[in-house]
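Take a look at the structure below.
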There are 2 protein chains.
Amino acid sequence: MTMTRPVFPTPDHDHGRCAADAIAHAEQVCRNRAQKLTPIRRAVLEALLSSHRPLGAYEVIDQLAAERARPAPITVYRALEFLMANGLVHRIESRNAYLACAHHHDAASMVAFLICERCGSVGEIVAGPATQSLNDAARRTGFAPKLSVVEITGTCAHCQA
Amino acid sequence: MTMTRPVFPTPDHDHGRCAADAIAHAEQVCRNRAQKLTPIRRAVLEALLSSHRPLGAYEVIDQLAAERARPAPITVYRALEFLMANGLVHRIESRNAYLACAHHHDAASMVAFLICERCGSVGEIVAGPATQSLNDAARRTGFAPKLSVVEITGTCAHCQA
DNA sequence: GCTTTTATGCTGCAATGCAACAAAAATATT
DNA sequence: AATATTTTTGTTGCATTGCAGCATAAAAGC
């Protein structure tokens, strides 16, 4: 459970390494939790790991179709569900799209997504204090928070240049 | 621009009043901005104001169909777009649904939505400091935030009883 | 080996959302 | 007022997202 720094993926980072790490991490998680990272699940994860852009379910299908028999939508949705349940993939609600988690944060920690509207890349920041204070504000109204979605759209450092 | 308190709508509040206020406010806003609150736009807003639950576009259609000729989806989407552009309606991303703004906050202020997963009601809290600190965290990574989506799912005070 | 659980495949369809063009209504212009 | 222009609404059609329900295959447990 490495705690990476809260950064936006730079365009020149070693992405092969980054993706390989994520796969290794996924294997680790599944082994620990006695879950099965089947070929399809792995393939879906790899498709998402091919970039730091969230992919729609049908984009995932298209990517998989290049390598194997085109999977039915439901197949991909099921794999995505599995991956999300195990904290390996996030759903970006404001885009109806899915993002491989490059962060290795523990399941409990709350993350915020930074979505660059120019290049489409998404960074995660571990937003502990801020979401904590949001949750507190909610609790003060008697509301019992369970799950937070924080998605910030804007322009990433690289695209501002 | 009344600044209401950050609360979850109680089940026993005077909803007729609450909805009437919102309509009056909408008229005011449109007058100020030289925008036209046409019959359809008003009807869509009224449909959303019938509850504090976000409605899907097709739920809005169903509601309107009870009163007038069933509008085509695109008609409702256009009205929703107009209402959102003028800050009268919010889109709840995690639900693909739309919520009449009962808040009268100014356009700039950032709000977080509290979504009760039991009764489906949604409250708004003006989440200034917290989202501010989120935005700051984002900026620290070089990201220029523009628009924030904060949606917190949980259980409202009333439903915990 | 057989049963039970888990995962995948297949067919079909519901829900969401919008593009492109046509008609109508409101506004502006001379 | 008549015409031109802009804004809004209507119509048709379709793309995208998402999943239900049942059948089959593979893996795990006894």
Taking only residues two or more places apart in sequence or in another chain, which ones pass side chain to side chain contact (heavy atoms under 4.5 Å, CB included) with [X]?
{"X": "A/Lys146", "value": "B/Glu117"}
{"X": "B/Glu27", "value": "B/Ile23, B/Arg31, B/Leu37, B/Arg42"}
{"X": "B/Ala72", "value": "B/Ile74, B/Thr75"}
{"X": "A/Asp62", "value": "A/Arg70"}

(request) Quick one: pull up OG in B/Ser133 and CZ in B/Arg139 and give me the separation to the nearest 0.5 Å. (result)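 It is 10.5 Å, given to the nearest 0.5 Å.
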(request) Give me the bend of the helix from C/dG1-D/dC30 to C/dT30-D/dA1, using the axes of the five pairs at each end, rounded to 10°. (result)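 One end's axis against the other's: 30°.
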Measure all distances between protein nitrogen or oxygen atoms and nitrogen or oxygen atoms of nucleotides 17-23 of chain C, and list the pairs falling under 3.5 Å.
from, atom 1, to, atom 2, distance (Å)
C/dG17, OP1, B/Arg91, NH1, 2.8
C/dG17, OP1, B/Arg91, NH2, 2.7
C/dG17, OP2, B/Tyr77, OH, 3.1
C/dG17, OP2, B/Tyr98, OH, 3.3
C/dG17, O5', B/Tyr77, OH, 3.3
C/dG17, N7, B/Tyr58, OH, 2.8

(message) Which residues in residues 38-49 of chain B have a heavy atom closer than 4.0 Å to any atom of DNA chain C?
(response)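 Of all residues in residues 38-49 of chain B, none places a heavy atom under 4.0 Å from DNA chain C.
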Does the [X] side chain pair with the main chain of [Y], one donor and one acceptor, at a distance under 3.5 Å?
{"X": "A/His52", "Y": "A/Gly120", "result": "no"}
{"X": "A/Asn96", "Y": "A/Ile92", "result": "no"}
{"X": "B/Arg118", "Y": "B/Cys156", "result": "no"}

(request) Determine which pairs satisfy ring-ring contact (aromatic ring centres under 6.0 Å, His included) with at least one residue from residues 53-80 of chain A, sequence neighbours left out, and list them in order. (result)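 Output for this query is empty, none listed.
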(message) If you assign each of B/Ala72 and B/Gln35 to its closest nucleotide in DNA chain D, which residue comes earlier from the 5' end?
(response)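 This one resolves to B/Gln35.
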(request) Considering only NZ, NE, NH1 and NH2 on the basic side and carboxylate oxygens on the acidic side, decide whether A/Arg17 and A/Asp21 come within less than 4.0 Å. (result)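 Between A/Asp21 and A/Arg17 there is a salt bridge, with a charged N closer than 4.0 Å to a carboxylate O.
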Atom pair distance, as rounded to whole Å: [atom1] in [X] and [atom2] in [N]:
{"X": "B/Ile92", "N": "C/dT16", "atom1": "CD1", "atom2": "P", "value": "15 Å"}
{"X": "B/Asp62", "N": "C/dA15", "atom1": "CG", "atom2": "C1'", "value": "11 Å"}
{"X": "A/Ile61", "N": "D/dG18", "atom1": "CD1", "atom2": "P", "value": "10 Å"}
{"X": "B/Arg70", "N": "D/dT12", "atom1": "CZ", "atom2": "C1'", "value": "17 Å"}
{"X": "B/Glu81", "N": "D/dT9", "atom1": "CD", "atom2": "P", "value": "12 Å"}
{"X": "B/Arg95", "N": "C/dA15", "atom1": "CZ", "atom2": "P", "value": "17 Å"}
{"X": "A/Leu37", "N": "C/dA7", "atom1": "CG", "atom2": "C1'", "value": "13 Å"}

(request) Could you name each residue pair satisfying side-chain hydrogen bond (donor to acceptor under 3.5 Å, both in side chains) that touches residues 149-161 of chain B, not counting sequence neighbours? (result)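 Matches after skipping sequence neighbours: B/Ser94-B/Glu151.
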(request) List in chain and number order the residues that pass salt bridge (charged side-chain N to carboxylate O under 4.0 Å, His left out) with B/Arg95, two or more places apart in sequence or in another chain; answer none if no residue qualifies. (result)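 For B/Arg95 there are no salt bridge (charged side-chain N to carboxylate O under 4.0 Å, His left out) partners, ignoring immediate neighbours.
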(message) So, using salt bridge (charged side-chain N to carboxylate O under 4.0 Å, His left out) as the criterion, who are the partners of A/Glu81 when residues are at least two apart?
(response)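 Once residues adjacent in sequence are excluded, A/Glu81 has no partner under the salt bridge (charged side-chain N to carboxylate O under 4.0 Å, His left out) criterion.
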Is there any protein nitrogen or oxygen under 3.5 Å from a nitrogen or oxygen in nucleotides 25-28 of chain D, and what are the pairs?
none

